[in-house]
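Quick note: numbers below take in every heavy atom, side chains included, and nothing from hydrogens, waters or symmetry partners. Keep in mind it's a predicted model, so treat the numbers as computed, not measured. Quick note: residue numbers are just sequence positions, from 1.
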Amino acid sequence: MQTSLRLSALSSLLLLTSSVMAADVAQITLENGAQVRLKDDFTWEYVITETKAAPNALATTAVVSTSSSVANVPSVALATQTVAAPVTTLTATAIAQPELLGSTAKDGIKVSFAEGQWKGDKLGLSFDLASTSNEHVTLVEVEASFFADNGTLLKTEKLEVWEAIFRMPETYLRKGEQRKSSVIWVEGIDKAQWQKQLINLKITEINSR
């Protein structure tokens, strides 16, 4: 009896672990050219980025001086070469179809990029949120990746797109509601490189009561 209970508990734990750590099972191409990654928890996501090898950095030369106690020994020049890190860029399909970006969903919560505005060098972002969750959501955090018009990754930053006010239930995001976030200001984005407003979103945290 105890062995059976232990096996049952272990089976439940393995099922829970596999659902939390979703693995890729296949990658397919749709009729519009977009690629989709299928996961073993029955979810899917667009493949919108690729990693390209960056060209090697220029070789640098370091000169090692001889010790003053050693006479008539010339200095030795050592040439070293460093390799630049790979570069993350959007796929050509994602650049051509920006509607693949800017929207994400998880556990009944959907977040979509609504609009951007500038105040000097600061970028103000607004998001639309919708809920089909049975939970009363108090916090939604997303990871926002900003891409230049040529597809190069500019910056990745976590943003709290929804945060309820303590002990004010009317500020909770409830099932069936569609709400708009306040303006969230971000620094470090070059306006000249972000004319196409290419932004990719991924929900990283949801809190509820």
*Closest non-hydrogen atom pair between Trp118 and Asp190, with its separation*: CH2-C, 4.4 Å
*Quick one: pull up OG1 in Thr104 and CG in Asn200 and give me the separation to the nearest 0.5 Å.*
8.0 Å
*With a 3.5 Å cut-off and no angle check, do the side chains of Ser181 and Ser126 form a donor-acceptor pair?*
no
*Rounded to the nearest 0.5 Å, what's the gap from CG on Asp107 to CG on Asn134? Could you check?*
11.5 Å
_Heavy-atom pair of closest approach, residues Gly116 and Leu123_ = CA-CD1, 4.4 Å
*How would you list, by chain and number, every residue that makes a salt bridge (Lys or Arg N to Asp or Glu O under 4.0 Å) with Glu177, sequence neighbours excluded?*
Arg179
*ILVMFWY cluster, Trp194 and Leu201 together (side-chain gap under 4.5 Å)*: yes
*Report yes or no: do Tyr46 and Ile28 belong to one cluster of Ile/Leu/Val/Met/Phe/Trp/Tyr joined by side chain heavy-atom distances under 4.5 Å?*
yes
_Run the side-chain contact (heavy atoms from CB on, under 4.5 Å) test against Glu170 and tell me which residues pass, sequence neighbours left out._
Met168
*asked:* Suppose we screen for side-chain contact (heavy atoms from CB on, under 4.5 Å). Which residues come up paired with Thr29, at least two apart in sequence or across chains?
replied: Gln35
*Heavy-atom side-chain proximity of Ile109 to Trp162 below 4.5 angstrom*: no
*Would a distance-only check, ignoring hydrogens and angles, find a side-chain to backbone donor-acceptor pair under 3.5 Å from Asp40 to Ala23?*
yes
*Excluding sequence neighbours, so at least two apart, what forms side-chain contact (heavy atoms from CB on, under 4.5 Å) with Thr93?*
Ala34, Thr91, Gln97, Leu100
*For atom NZ of Lys110, is the number of surrounding heavy atoms from other residues, nucleotides or ligands below 6.0 Å larger than 12?*
no
*With distance as the sole test, does Asp149 use its side chain to make a donor-acceptor pair with the main-chain N or O of Lys196 at under 3.5 Å?*
yes
_Among residues at least two apart in sequence or on other chains, which ones pass ring-ring contact (aromatic ring centres under 6.0 Å, His included) with Phe113?_
none
*Does Lys202 come within less than 4.0 Å of Glu143, counting only side-chain N to carboxylate O?*
no
*Roughly how far, to the nearest 0.5 Å, is the NZ atom of Lys106 from the CD atom of Glu205?*
9.0 Å
*Are the side chain of Thr51 and the backbone N or O of Pro86 linked by a donor-acceptor pair below 3.5 Å?*
no
*Please report the closest heavy-atom contact between Thr171 and Ala164, naming both atoms and the distance.*
OG1-CB, 3.4 Å
*asked:* Other residues, nucleotides and ligands only: do more than 12 of their heavy atoms fall within 6.0 Å of CD on Gln195?
replied: yes
*Do Thr49 and Phe147 have side chains that get closer than 4.5 Å, going by heavy atoms?*
yes
_Glu135/Ile206 under side chain to side chain contact (heavy atoms under 4.5 Å, CB included): CA gap, chis, key distance, verdict_ = CA-CA 10 Å; Glu135 303 291 336; Ile206 298 175; over 6 Å; no
*Do you know the tightest heavy-atom contact between Leu198 and Pro98?*
CD2-CB, 3.9 Å
*asked:* Quick check: do Asp121 and Glu187 have side-chain heavy atoms less than 4.5 Å from each other?
replied: no
*Is there a chain of hydrophobic side chains (I, L, V, M, F, W, Y, each step under 4.5 Å between heavy atoms) that links Val161 to Ile189?*
yes
*How many angstroms lie between atom OG1 of Thr88 and atom CG of Leu154, to the nearest 0.5 angstrom?*
12.0 Å
*Distance in Å, Glu157 CD paired with Ser145 OG, rounded so as to fall on 0.5 Å steps*: 10.5 Å
*Minimum heavy-atom distance between Pro169 and Arg174, given as atom pair plus value*: O-NH2, 3.0 Å
*Rounded to the nearest 0.5 Å, what's the gap from CG on Asp24 to NZ on Lys39? Could you check?*
4.0 Å
*asked:* Under the rule for side-chain contact (heavy atoms from CB on, under 4.5 Å), what residues qualify as partners of Arg209, not counting sequence neighbours?
replied: Thr138, Phe166, Tyr172
*Does Val183 belong to the same Ile/Leu/Val/Met/Phe/Trp/Tyr cluster as Val140, with side-chain heavy atoms less than 4.5 Å apart forming each link?*
no
*Do you reckon Leu129 sits in the same ILVMFWY cluster as Leu101, going by side-chain contacts under 4.5 Å, direct or chained?*
no
*Please answer whether the main-chain N or O of Glu141 pairs with a side-chain N or O of Thr204 as donor and acceptor at a distance below 3.5 Å.*
yes
